[in-house]
Amino acid sequence: MTTSNRILLGVNIDHVATLRQARGTRYPDPVKAALDAEEAGADGITVHLREDRRHIQERDVLLLKDVLQTRMNFEMGVTEEMMAFAERIRPAHICLVPETRQELTTEGGLDVAGQEARIKAAVDRLAKIGCEVSLFIDADERQIEASKRVGAPAIELHTGRYADAETPASVAEELKRVADGVAFGLTQGLIVNAGHGLHYHNVEAVAAIKGINELNIGHALVAHALFVGFKSAVAEMKALILAAAAKA
Ligand SMILES: CC(=O)[C@@H](O)[C@H](O)COP(=O)(O)O
Ligand SMILES: NCC(=O)COP(=O)(O)O
């Protein structure tokens, strides 16, 4: 069981690409953002190639594969198109996520328990090309147990409900749900990551949960970068989470 306070920061650059796609320009380039993030202390770079290509494009993923000094965490839906693309580019890490074309953002976790055979086939297929697969799931024991059964070495707990909670009681309840999920995941021998909707004002409590391997953060970093620059935004976030983890 991992109980060290070392916690990694995966920087999600999707929404740098959102700004580029809004006008169909060549800027801002998410590849430049990734390199700046690495210089500022990112431990990895996360990208989500959505079926509708609303932000990240194949071009971004192919370039990142060649230039990253850290590692790519490639988020994808479980579709034949994405499986074939992953086999072509062979990222070090793949996170399987649920995807609905019309959603504003990833609304819930992958229902691993409800489709074990399909997810196991995907995990097995990706393991054959050397990818470490994680499953983006809700902090729910049933989903965590199913993730273990399908052979995924890692899970990423969806922190969106915590981020969206509005009252002190619901924030505390959602934080506890995440903390319990982390503890349960560790008892199952899984690597436990977390992310979604984390920002400068809510990240510390999550970073203080013992045993989390990595936090994946994107939207808030890109938003803050408008005012302070990408490197400073990443460095500030990294300092916050390391300080919170060290204090815990
Ligand atoms: C899976 C996840 O939580 C994020 O990567 C998120 O999908 C970012 O992209 P969207 O904001 O397009 O959902
Ligand atoms: N998997 C979560 C992620 O990569 C970042 O999500 P967000 O910070 O953009 O909400």
Review point. Which distance, rounded to the nearest 0.5 Å, do you find between the CG of Asp29 and the CD1 of Ile13?
Key: 8.5 Å

Check your understanding: Under the salt bridge (Lys or Arg N to Asp or Glu O under 4.0 Å) test, which residues partner Glu51, sequence neighbours left out?
Key -> Arg101

Review point. Has His219 got more than 12 heavy atoms of other residues, nucleotides or ligands less than 6.0 Å from its NE2?
Key: no

Check your understanding: Is the backbone of His199 close enough, under 3.5 Å, to the side chain of Asn202 for a donor and an acceptor to pair up by distance?
Key -> yes

Practice item. Rounded to the nearest 0.5 Å, what's the gap from CZ on Arg161 to CD on Glu107? Could you check? Key: 13.0 Å

Revision key, fill the gap. In this structure, CZ of Arg149 is separated from CD of Gln188 (nearest 0.5 Å) by 9.0 Å

Point to revise | Sidechain N-carboxylate O distance under 4.0 Å for Arg50, Glu75 | key: no

Check your understanding: So, do Phe184 and Val192 sit near enough that their side-chain heavy atoms are less than 4.5 Å apart?
Key -> no

Revision key, fill the gap. To the nearest 0.5 Å, atom CG of Leu215 lies from atom CD1 of Ile241 at 5.0 Å

Review point. Under 4.5 Å between any side-chain heavy atoms of Gln57 and Gln21, yes or no?
Key: yes

Check your understanding: Between Thr70 and Glu38, does any side-chain donor sit less than 3.5 Å from a side-chain acceptor?
Key -> yes

Practice item. Could you note down all residue pairs passing ring pair (Phe, Tyr, Trp, His ring centres under 6.0 Å) where residues 19-58 supplies at least one of them, sequence neighbours left out? Key: His15-His55

Check your understanding: Does atom CD of Glu80 have more than 12 heavy-atom neighbours from other groups under 6.0 Å away?
Key -> yes

Review point. Between Tyr200 and His224, is a ring-ring contact (aromatic ring centres under 6.0 Å, His included) present by the stated rule, with each step listed?
Key: CA-CA 9 Å; Tyr200 296 85; His224 193 47; 4.5 Å; yes

**Study point:** Check against side chain to side chain contact (heavy atoms under 4.5 Å, CB included), Met237 and Leu198
**Key:** CA-CA 10 Å; Met237 182 61 81; Leu198 297 178; 6.0 Å; no

Review point. Is Glu145 salt-bridged to Lys148, cutoff N-O under 4.0 Å?
Key: no

**Study point:** Lys/Arg N to Asp/Glu carboxylate O, Glu87 vs Lys128, below 4.0 Å
**Key:** no

Practice item. May I ask you to test the Val112-Lys120 pair for a side-chain heavy-atom distance under 4.5 Å? Key: no

Review point. With side chains defined as the heavy atoms from C-beta onward, is the minimum distance between Leu135 and Glu156 less than 4.5 Å?
Key: no

**Study point:** Note: Arg71-Glu214 ion pair, threshold 4.0 Å (strictly below)
**Key:** yes

Practice item. Look at Asp36 together with Lys32 and state whether they make a salt bridge at an N to O cut-off of under 4.0 Å. Key: yes

Exercise for review: Could you tell me which non-hydrogen atom of Ala152 sits nearest to which non-hydrogen atom of Val133, and how far apart they are?
Suggested key: CB-O, 3.9 Å

Review point. Side chain of Glu39, backbone of Leu35: donor and acceptor closer than 3.5 Å?
Key: no

Review point. Which pair of heavy atoms, one from Pro153 and one from Glu132, lies closest together, and at what distance?
Key: CG-CG, 3.6 Å

Point to revise | Audit row: Leu96, Leu126, side chain to side chain contact (heavy atoms under 4.5 Å, CB included) steps and yes/no | key: CA-CA 10 Å; Leu96 297 180; Leu126 295 170; 4.0 Å; yes

Review point. So do the side chains of Ile144 and Ile155 get within less than 4.5 Å of each other, counting heavy atoms only?
Key: yes

Review point. Without hydrogens or angle criteria, can the side chains of Asn12 and Thr46 be said to hold a donor-acceptor pair below 3.5 Å?
Key: no

**Study point:** Arg54, CZ atom: more than 12 neighbouring heavy atoms under 6.0 Å
**Key:** yes

Check your understanding: Is there side-chain contact between Val97 and Val78, with at least one heavy-atom pair below 4.5 Å?
Key -> no

Exercise for review: Give, for atom CG of Asp140 and atom OG of Ser147, the distance between the pair rounded to the nearest 0.5 Å.
Suggested key: 9.5 Å

Review point. Is it the case that one hydrophobic cluster holds both Ile129 and Val150, taking links as side-chain heavy atoms less than 4.5 Å apart, direct or via other members?
Key: yes

Check your understanding: Does Ile191 share a hydrophobic cluster with Val123, counting links as ILVMFWY side-chain heavy atoms below 4.5 Å and allowing steps through other members?
Key -> no

Practice item. Test Leu64 against Val31 for side chain to side chain contact (heavy atoms under 4.5 Å, CB included), laying out the working first. Key: CA-CA 6 Å; Leu64 288 167; Val31 177; 4.3 Å; yes

Review point. Which atom names give the shortest non-hydrogen contact between Thr159 and His196, and what distance separates them?
Key: OG1-O, 2.6 Å

Practice item. Hey, could you give me the NZ/CD1 distance between Lys210 and Ile7, rounded to the nearest 0.5 Å? Key: 11.5 Å

Review point. How about Glu58 and Phe85: do any of their side-chain heavy atoms sit closer than 4.5 Å?
Key: yes

**Study point:** salt_bridge(Asp60, Arg20) N-O dist < 4.0 Å
**Key:** yes

Practice item. Assess whether salt bridge (Lys or Arg N to Asp or Glu O under 4.0 Å) is satisfied between Arg177 and Glu174, documenting all intermediate values. Key: CA-CA 5 Å; Arg177 193 189 310 280; Glu174 293 303 332; 2.9 Å; yes

Review point. For Ala17 and Pro30, which heavy atoms make the closest approach, and how far apart are they?
Key: CB-CG, 4.0 Å

Review point. Donor-acceptor pair, Tyr162 side chain versus Val206 backbone, under 3.5 Å?
Key: no

Check your understanding: Less than 6.0 Å separating the ring centroids of His158 and Phe136?
Key -> yes

Practice item. List for me each residue that meets salt bridge (Lys or Arg N to Asp or Glu O under 4.0 Å) alongside Glu204, sequence neighbours excluded, and say none if there are none. Key: none

Check your understanding: Are Ile45 and Met72 side-chain neighbours, meaning at least one heavy-atom pair lies under 4.5 Å?
Key -> no

Review point. Taking all non-hydrogen atoms of both residues, which atom of Glu103 and which atom of Pro98 are closest, and how far apart?
Key: OE2-O, 4.1 Å

Review point. Got a sec: does the CZ of Arg23 have more than 12 other heavy atoms crowding it under 6.0 Å?
Key: no

Check your understanding: Run the side chain to side chain contact (heavy atoms under 4.5 Å, CB included) check on Leu62 and Arg88 step by step: do they pass?
Key -> CA-CA 10 Å; Leu62 295 170; Arg88 191 172 134 217; 3.7 Å; yes

Study note, to complete from the structure: Nearest heavy-atom approach of Gln143 to Asp138 is CB-O, 4.2 Å

Exercise for review: Identify whether Leu242 and Val11 are in the same connected component of the hydrophobic contact network (ILVMFWY, side-chain heavy atoms under 4.5 Å).
Suggested key: yes

**Study point:** Shared hydrophobic cluster, Phe74 / Val67 (ILVMFWY, side-chain heavy atoms < 4.5 Å)
**Key:** yes

Check your understanding: Does Ile209 belong to the same Ile/Leu/Val/Met/Phe/Trp/Tyr cluster as Leu240, with side-chain heavy atoms less than 4.5 Å apart forming each link?
Key -> yes

